[in-house]
Amino acid sequence: MKRKSYIFEKHPALTLVFLILAVSIIVDGLLGALLIPSDFKSFRTRHYYFHHGLRPHQTSFARWNSEVYPFFTNSLGLRDAAPRKIEKSVPNRRLLIIGDSHTEGVDLPFEDSFAGILANKGDSAGMDVLNGAVISYSPKIYYLKLKYLLEIEEIKVDEVFCLIDISDIQNELVYEKFDPEKSKIVRKYTIPLTEYLKRNSFSFYAINKIINDKGRREFFSRIEEVNSSENTGNQFNTSSADLYYSFFSHFSDKILLSNPRFHGVGEWLYDYNFRKLAEKGILLGQQNIKQMKDLCDRHNIRLTIGVHPWYSQLYRRNPEDMYVTSWKEFAVKNNIGFINLYPLFINKENPEIVFKMYYIKGDNHWNAAGHARVAAYLSERLNIKNCRP
Amino acid sequence: MRVILQVSFYMPVILLLSACDPSARQREEIEKQAAKNDPYALAVKIGEYVHNHPEEMDHLPDYARLLLENGYYEECIHLCNQILQHVPGDYFTMHTLAMANYQLLDLDKSLALYRKIMTEPQVNPLIEKDYRQTLIQNELYDQVKSLDSAIGVTGLKYDLVLQRAGLFLKMNEGKAAMADYALYLDSAGYDRDVAFNRFRAAILSTWPNEAEKEIQRISKQSNPEDSLNQRLTKILADTRAGIAAIKTTPESPKGYELMAKSLVFLKLEPEAIPYLEKAFTLDKENISLRLRLAYVYAHTGSKDEARILVEPLILQGKTIPAQIRKMLE
C-alpha cells in the first residue's frame with residue numbers, strides 16, 4: 001500500500017528553512033522579552049503623519065531627569081491622567097492644548113503639569129481639556145497633529161492653546177524638509193512595524209543599537225561642550241539627550257550639528273552668528289502657525305498662542321524682548337489670541353531665585369511649582385471656569 | 001552530621017538567590033556611584049531603585065540624604081515624602097526633608113518640620129543648629145521679599161538691588177547675588193566694592209570664569225599694581241585648582257582645603273565649613289586641618305564644636321594657636 005507523503009517529505013529544503021525561520025523568530029522574541037531593557041520611552045513612537053507621538057492606551061513610566069514618573073495615554077495617544085476613551089465630540093466646551101516638552105510636562109506626573117492642573121480644573125468646571133503636546137514638537141508638527149486630530153480622527157474642538165517654545169526655532173529648521181505626504185501609504189504601515197520590532201525583536205533591537213550608538217556618542221560629546229559652558233542653564237542629562245538625539249536622526253546639516261552652539265538654542269537670539277538662523281526659525285514657525293490659524297478658522301476654532309522664557313531669557317530680565325514682540329505682532333496681525341508668560345517669571349524677583357524655585361535643576365523646564373504658577377495664570381486667561389452648557 | 005548535610009544542601013540555593021537579588025545588586029551600584037562623585041549617575045540609580053523597590057524602606061532614608069548631599073533637592077523631597085507616608089515619625093527623614101526645603105527656599109515648610117522635631121524630648125544638637133540656621137535664613141529671606149515688593153512698587157532702583165545682593169550673599173545664594181551685583185554694575189556704573197563682592201559671590205558659586213571677569217573689570221578701572229588684583233588672582237587660581245582637584249580626586253582632601261582657603265580669604269567663613277568638614281573626614285590625622293576647622297567653627301560661633309576638635313591636641317600637649325585659644329576663652 002502506498003504511504004501518503006507529507007508536505008515535509010515532498011519539500012525537505014523548504015521545510016528546513018521554514019523550521020529554522022520559525023525557531024529563529026521564537027528565539028528572537030524570547031530573547032527580546034528577556035534582554036531588551038526597559039528604557040522608559042516605549043510609549044513614544046514615530047508617526048507617519050506628524051513625525052512622532054505617543055502610543056494610545058499606555059500605562060507606563062517615563063524618565064526625564066533622575067526620577068521615574070507615571071505616564072498614561074488615552075485612546076488618541078495624548079498624555080492623560082489615565083487611559084480612557086476620547087469621544088469625537090462632547091457636550092462641554094473642549095480645549096486642546098498643544099506644545100512641546102514643557103506642555104507634555106516632563107519630569108512630573110500628569111496631575112502636576114499645567115495641562116493636568118487645567119484638565120482637573122476643567123473637569124469640575126464642565127470643560128474637557130486635552131493635552132496634545134509631545135517633546136520636540138514645533139509649529140510644523142503642531143499644525144500637522146492638529147490637522148490629523150481634526151480631519152483624520154474627526155475630533156471636535158472649540159479652542160486650541162498652543163504654547164510655543166524657544167527650542168521651536170531650532171526644531172523648525174530640523175523639520176523643514178519633513179513631508180507627511182511623501183510615501184505616506186508605505187510609511188503608515190512600515191513605521192508601526194519597525195517600532196514593534198524595536199520593542200520586541202532582539203536582533204532588530206541589537207542591530208539598531210549598534211547603528212545608533214556611534215552617532216549617539218558623537219552627539220553626546222557635543223552636548224557635553226554645551227553643558228560645560230557656564231551661562232546657559234542648559235544642562236542635558238543622559239535620558240533627555242537620548243531623546244533629543246533621536247529627533248535629529250534625519251537632519252542632514254552636519255556642519256550645524258557639529259557646532260556646539262547649535263545645541264544651545266536659548267542663546268541664538270543673542271548670538272550674532274546665529275541671529276539669522278533664529279530669525280529663519282521664527283519665520284518658518286509663523287508660517288506654520290498661520291496654516292494652523294487657517295485650519296482653526298475652517299473648523300470654527302478659537303486659537304491662542306503663548307510664549308514663555310528659558311534661563312537665557314530670565315537672566316537678561318527683559319519681559320518683552322524681540323522674540324516676544326515678534327510673536328505678539330504676528331498674533332495681532334493674524335487675529336490670534338496671545339499670552340505672554342515672560343512676566344510670570346521675569347519680574348521684580350531675582351532671576352536666579354526664580355530659576356531655583358520654578359525650574360528643574362539645571363534645566364529649562366518647569367518643576368511642579370513652575371507648572372502650578374503657569375496653570376493659575378492660564379486658567380484665568382483661558383477662562384477655565386463656569387463652562388457648563 | 002545531618003544538619004551539616006542539610007545546610008550544605010541549601011547553601012548553594014541561598015547563595016544563588018542572594019546573587020540574583022536585584023535589589024542588593026542595585027544597592028551595590030548606588031554605593032559605587034556614591035564613591036565615584038558623579039551626582040547625576042547616583043541620582044539615576046537611586047531613582048531606579050525607588051521605582052523598582054518602593055516598599056523596601058530600610059535604605060531609603062540614607063538614599064534621601066545622598067540626594068540632598070548631591071544637590072537633588074526636589075528628588076530628595078519626593079523620596080522623603082514617600083518614606084514619611086510609611087513611617088510618619090522618622091525624624092531622620094524629617095530632618096533631611098527640612099534641609100531639602102531649606103535649599104529650595106521653602107523655609108515655611110522647613111521650619112514647620114523643625115518645630116515638629118523639636119517637640120521630641122531629646123534632639124540631636126546638630127538638628128538644633130540647623131533649626132537655628134533656618135530661622136536666620138528665614139529672617140534674611142523675609143528681608144529679600146520686602147525688597148522684592150519695594151522694587152515692584154518703585155521699579156528697579158539700584159540701591160535696592162544692591163541691598164538685595166548683599167542679603168543673598170549672606171544667605172549663601174551666590175548666583176542670585178552675582179545676578180544682582182551684575183545688574184548694578186552694568187546699569188549704575190563701576191564700583192570697586194560691588195565688583196569685589198561679585199567676585200566673592202562668583203567664588204562662592206564655584207563660577208571661576210565670572211570671578212575672572214570681575215578681576216578684569218577691577219584691573220581696567222584701577223592701577224594694575226593694586227594689591228587687590230594680585231590677591232584676587234591668587235584666590236582665583238586656588239579656587240580653580242580646588243574645583244579641578246575635587247573633580248579628579250574627590251577622595252583627597254586637597255581640593256576641599258583649597259576651596260575652604262579661598263572662602264576664608266574672602267571672609268566667607270560659614271561657607272568654608274562644609275569644605276573643611278569634608279577635608280577633615282578624609283584626613284582625620286591632619287593637625288593643621290583640624291586647627292583650621294576649629295578656627296572657623298570658633299569664628300562662626302560654634303565654640304563647642306571647636307573645643308571638641310582642640311581638646312585632643314591639648315591632651316597631647318600640642319600648642320594651640322593664640323588666635324584660637326583667645327576665641328575659645
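Chain A is the first sequence line, chain B the second, and so forth, proteins listed ahead of strands; every chain is numbered from 1. Source: prediction; values computed, not measured.
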A/Ile353/B/Tyr141 under side-chain contact (heavy atoms from CB on, under 4.5 Å): CA gap, chis, key distance, verdict: CA-CA 11 Å; A/Ile353 297 297; B/Tyr141 194 44; 3.9 Å; yes
Do A/Asn350 and B/Arg164 have side-chain heavy atoms sitting under 4.5 Å apart? yes
B/Lys175 (side chain) donor-acceptor with A/Lys356 (main chain) under 3.5 angstrom: no
Would you compute the distance between atom CD of A/Glu352 and atom OG of B/Ser205 and round it to the nearest 0.5 angstrom? 8.0 Å
Sort out for me which of B/Lys145, B/Met178, B/Glu173 touches chain A most, counting heavy-atom pairs under 4.5 Å. B/Glu173
Using ring centroids (six-membered ring only for Trp), state whether B/His78 and A/Tyr69 fall under 6.0 Å. no
Quick check: closest heavy atoms across B/Tyr40 and A/Trp64, and the distance to 0.1 Å? OH-O, 4.3 Å
Any Lys/Arg nitrogen of B/Asp180 or A/Arg317 sitting under 4.0 Å from an Asp/Glu carboxylate oxygen of the other? yes
B/Leu104 versus A/Met357: any side-chain heavy-atom pair under 4.5 Å? no
Please round to the nearest 0.5 Å and tell me the distance separating atom OG of A/Ser66 and atom CD of B/Glu48. 10.0 Å
B/Asn70 versus A/Lys361, closest heavy-atom pair with distance: O-NZ, 4.4 Å
With a 4.5 angstrom heavy-atom cut-off, is it the side chain or the backbone of B/Glu75 that approaches chain A, or both, or neither? both
Per-residue contact mode, B/Tyr73 against chain A (heavy atom under 4.5 angstrom): neither
Please report the C-alpha distance between B/Val44 and A/Arg63 in whole Å, then the side-chain angles of each, then the deciding distance to 0.1 Å, and finally whether the side-chain contact (heavy atoms from CB on, under 4.5 Å) criterion is met. CA-CA 9 Å; B/Val44 166; A/Arg63 186 170 73 194; 3.4 Å; yes
Any idea which of B/Ala179, B/Gly155, B/Ala165 has the most non-hydrogen atom pairs under 4.5 angstrom with chain A? B/Ala179
Verify the neighbour count for atom NZ of B/Lys170: are there more than 12 heavy atoms of other residues, nucleotides or ligands below 6.0 Å? no
Given B/Ala43, B/Gly47, B/Ala41, the one with more heavy-atom pairs under 4.5 angstrom with chain A than any other is B/Ala43
